[in-house]
Amino acid sequence: MNAGRKVTTSQDMDRLLKRGVAEIIVEDEMRQLLLSGKQLRLKEGFDPSSPDIHLGHVVTLRKLRQFQEWGHQIVLIVADWTAQIGDPSGVNVTRPMLTIEQVKANARTYMEQFFKVVDKEKTEVRWQSEWFGGFDLGDVIRLTSKFTVAQFLAREDFNKRYSEGRPIALTEFLYPLLQAYDSVAVKADVEFGGTDQKFNFLVGRELQSMMGQRPQQCFMMPLLIGTDGALKMSKSLGNYIGVTEPPDDMYGKVMSLADSLIMLYFELLTDVPDAELEEFRQGLARETVNPMVLKKRLAREIVTLLYDADLAGEAEEHFTRVFQQREIPEEMPECRFSFQEVAASTAGSAASKAMRKSECDISHIIVRAGLAKSRSEASRLIAQGAVSVDGEKISASIAPIASGSVLRVGKRRFVKMIDTNNKK
RNA sequence: GGAGGGGUGCCGGAGUGGUUAAUCGGAGCAGUCUGUAAAAUUGCCGCCCGAAAGGGCUACGCAGGUUCAAAUCCUGCCCCCUCCA
């Protein structure tokens, strides 16, 4: 088993333990473990309370990948039990509980997303239900008896809520306990996650030592700030970039990031060497480099990471053409429907008589193409001048269209309209 | 077991009989500007019909009731939170 492990130079070690790392508890022990030549079991839990993995998750997954390249064993835990509780970490409100069905459906979509970053062959995937499925009340009581309320109230978010008289659900206290027990169950040597996991990790350490295991090392990465530029990237805040998003969208979302996030993203999500990052940093500080240029590099790196260089190149071309030169993209989704049918849906009204043959009520089409949720919304968009057909801004919802016309809504949404009655 | 507070639109949070599709803030969307950045600024922000003017429907925990008129008053029910024990 030792065969795959590379000799570790102190330079390698520094890169592994420093680049994009917030804190390691206990760093010295971590170094010793790495030097011991033992294959380490590196654990990270994923809470499948939503179906997507985003760049925030990728930060730790990439680090895990690096360890994997050194021959260590990754253990990913699908936290199907704790997901039902709802992780309170860093959130000062009680989370809604999910049903087991929701959790399972979400968890299923996780696997392939993990393996966009980590090596599937060297990854052990475990479900919490493997061990908690057989838990009975006695087990729960034994587990809870090991800690006190005071210990848990030490945790910042609990403490804050408690002192402000806001609710803390009893199940929320269970969350760190279950997560800690996971470490016991898989005999973790190291646990990975964001800095918001510190408390949970430490409970894991304690529990392991209470149960006769060597306490795990806690490996914490900074939290990735989301596209809003302020809060941690998370699904529930809607400020995320999903790993399965199409290359063009992913590229575009990176381009729309606040400038202040550029360096953070470079550090946490790319392999651009530290020396180069330092140049970037200085360039930004002295304003000798346009942040947009760096962001394009960043966007390319990220798309390459999750897809490949070719697709990243294409995404960049698309971006340049559509958003910088304001041209129409070469490819866009098609919306196929019968023009006649749409026209017919307004039949009977005075307007339909005034409508010439080639004209259509665009608001219906916008809804049909999924570019607006309702006709009311579509009408508003038209009224605000956000809608154009073949480059012509339209001001009334009745407008001429032809099969193959390009419908544009807002800056970034395009659809080609194809008449299913009249295609040759 | 006792006392108190509360359930309003995506979120926060006003509103105690009509002029309330509901003040305000945040989020979001769109316009101008631009680097799909920030800042600034303007507009929109329940659904349906209508080219428009306009009209209709649904909505303030649930169900009833009073009233010409209810998010606002009455009755019952459900749910949530805090404190004391």
Pairing string, 5' to 3', for RNA chain B - Watson-Crick or wobble contacts under 3.5 Å, brackets [ ] where pairs cross, | to another strand
((((((((.[[[..)..(.....]]].(((((.......))))).((((....))))...[[[[[..)....]]]]]))))))).
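Summarising the geometry, the separation between CG on A:Asp228 and P on B:G28 is reported as 7 Å, rounded to the nearest angstrom. As rounded to whole Å, 10 Å separates atom P of B:C29 from atom NZ of A:Lys373. Atom-to-atom, CD1 of A:Ile225 to C1' of B:A38 comes out at 16 Å; the value is rounded to the nearest Å. B:G31 atom C1' lies 15 Å from atom CD1 of A:Ile382, rounded to whole Å. In this entry the distance linking NZ of A:Lys296 with P of B:A37 reads 13 Å, nearest Å. Atom CZ in A:Arg408 sits roughly 11 Å away from atom P in B:A30 (whole-Å rounding). We find that CZ of A:Phe266 is positioned 14 Å from C1' of B:A37, with the value rounded to whole Å. We find that CG of A:Leu294 is positioned 17 Å from P of B:A38, with the value rounded to whole Å.
In this view, A:Glu276 and A:Arg297 satisfy the side-chain hydrogen bond (donor to acceptor under 3.5 Å, both in side chains) rule, not counting sequence neighbours. Residues meeting the ring-ring contact (aromatic ring centres under 6.0 Å, His included) test with A:Phe135, sequence neighbours left out: A:Phe132, A:Tyr181. Remark: A:Tyr110 engages A:Phe114 in a ring-ring contact (aromatic ring centres under 6.0 Å, His included) (not counting sequence neighbours). Considering only residues two or more places apart in sequence or on other chains, A:Ser397 meets the side chain to side chain contact (heavy atoms under 4.5 Å, CB included) condition with A:Asp361, A:Ser363, A:Ile382. Every side chain to side chain contact (heavy atoms under 4.5 Å, CB included) that A:Pro247 has, sequence neighbours left out, goes to A:Val303, A:Tyr307, A:Leu311, A:Ala315.
For the OP1/OP2 pair of B:C47 and a distance below 4.0 Å, the side-chain nitrogens and oxygens of A:Arg375 include no atom meeting the criterion. Taking side-chain N and O atoms only, A:Arg413 has no distance below 4.0 Å to OP1 or OP2 of B:C29.
Side-chain atoms of A:Gln68 and A:Thr123 form a donor-acceptor pair, as typed in the model, at a separation below 3.5 Å. A side-chain donor-acceptor contact under 3.5 Å links A:Arg286 and A:Gln282.
Under 4.0 Å is where a charged nitrogen must lie from a carboxylate oxygen, and between A:Glu267 and A:Lys18 no such pair does. Using a 4.0 Å cut-off between charged nitrogen and carboxylate oxygen, A:Asp14 and A:Arg31 count as a salt-bridge pair. Salt-bridge annotation for A:Lys160 and A:Asp157: absent, with no side-chain N of the basic residue lying under 4.0 Å from a carboxylate O of the acidic one. Using a cutoff of 4.0 Å between basic side-chain nitrogens and carboxylate oxygens, A:Arg412 and A:Asp249 are not scored as salt-bridged. Salt bridge A:Lys63/A:Glu44: absent, no basic N to carboxylate O contact under 4.0 Å. Between A:Arg62 and A:Asp271, at least one side-chain nitrogen of the basic residue sits less than 4.0 Å from a carboxylate oxygen of the acidic one, meeting the salt-bridge criterion. A salt bridge does not link A:Glu112 to A:Lys116: none of the charged nitrogens lies less than 4.0 Å from a carboxylate oxygen.
B:G46 sits 15 Å from B:G28 when the C1' atoms are compared, rounded to a whole Å. Going from the P atom of B:A40 to that of B:G56 covers 41 Å, rounded to whole Å. Between the C1' atoms of B:A22 and B:C45, the separation comes to 14 Å (whole Å). When the C1' atom is used for both B:G15 and B:G64, the distance is 24 Å, rounded to whole Å. Spacing between B:C78 and B:U20 at atom C1', rounded to whole Å, works out to 27 Å. Taking the P atom of each, B:U19 and B:C29 are spaced 33 Å apart, rounded to whole Å. If you take atom P in B:G13 and the same atom in B:U8, they sit 9 Å apart, rounded to whole Å. The P atoms of B:A63 and B:U72 are separated by 13 Å, rounded to the nearest whole Å.
Taking the ring centre of A:Tyr240 as origin, the terminal cationic atom of A:Lys253 falls inside the region bounded by 6.0 Å and 45° from the ring axis.
Residues A:His57 and A:Phe46 bring their aromatic ring centres within 6.0 Å. Between A:Tyr162 and A:Phe158, the distance separating the two ring centers is not shorter than 6.0 angstrom.
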Pairs: protein N or O with nucleotides 52-57 of chain B N or O, under 3.5 Å:
none

For nucleotides 79-81 of chain B, give me every protein contact, N/O to N/O, under 3.5 Å, one pair per line with atom names.
none

Pairwise N/O distances under 3.5 Å, protein to nucleotides 33-36 of chain B:
from, atom 1, to, atom 2, distance (Å)
B:U34, O4, A:Arg326, NH2, 3.1
B:G35, O6, A:Asp259, OD2, 3.4
B:G35, N1, A:Asp259, OD1, 3.1
B:G35, N1, A:Asp259, OD2, 2.7
B:G35, N2, A:Asp259, OD1, 2.4
B:G35, N2, A:Lys295, NZ, 2.9
B:U36, OP1, A:Gln324, NE2, 3.3
B:U36, OP2, A:Phe323, O, 3.2
B:U36, O2, A:Arg412, NE, 3.3
B:U36, O2, A:Arg412, NH1, 3.3
B:U36, O2, A:Arg412, NH2, 3.0

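Between A:Ser260 and A:Gly410, it is A:Gly410 whose nearest contact on RNA chain B lies nearer the 5' terminus.
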How would nucleotides 41-46 of chain B be written as a contact map, 5' to 3', with B for base contact, S for sugar-phosphate-only contact and - for no contact, using protein heavy atoms under 4.0 Å?
--BSS-
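Taken to the nearest 0.5 Å, the CD1 atom of A:Ile302 stands 5.0 Å off from the CG atom of A:Leu269.
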In sequence, state the C-alpha distance, the side-chain angles, and the governing distance for A:Glu191 and A:Gln179, and then conclude on side-chain hydrogen bond (donor to acceptor under 3.5 Å, both in side chains).
CA-CA 10 Å; A:Glu191 180 160 12; A:Gln179 183 170 338; 3.1 Å; yes
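Contacts of residues 304-316 of chain A with RNA chain B (heavy atom under 4.0 Å): none.
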Quiz: residues 217-226 of chain A side-chain donor-acceptor pairs under 3.5 angstrom, not counting sequence neighbours:
from, atom 1, to, atom 2, distance (Å)
A:Gln217, OE1, A:Val26, N, 2.9
A:Gln217, NE2, A:Glu29, OE1, 3.0

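Checking B:A30, B:U32, B:G50 against every side-chain atom of A:Leu381, the shortest atom distance belongs to B:A30.
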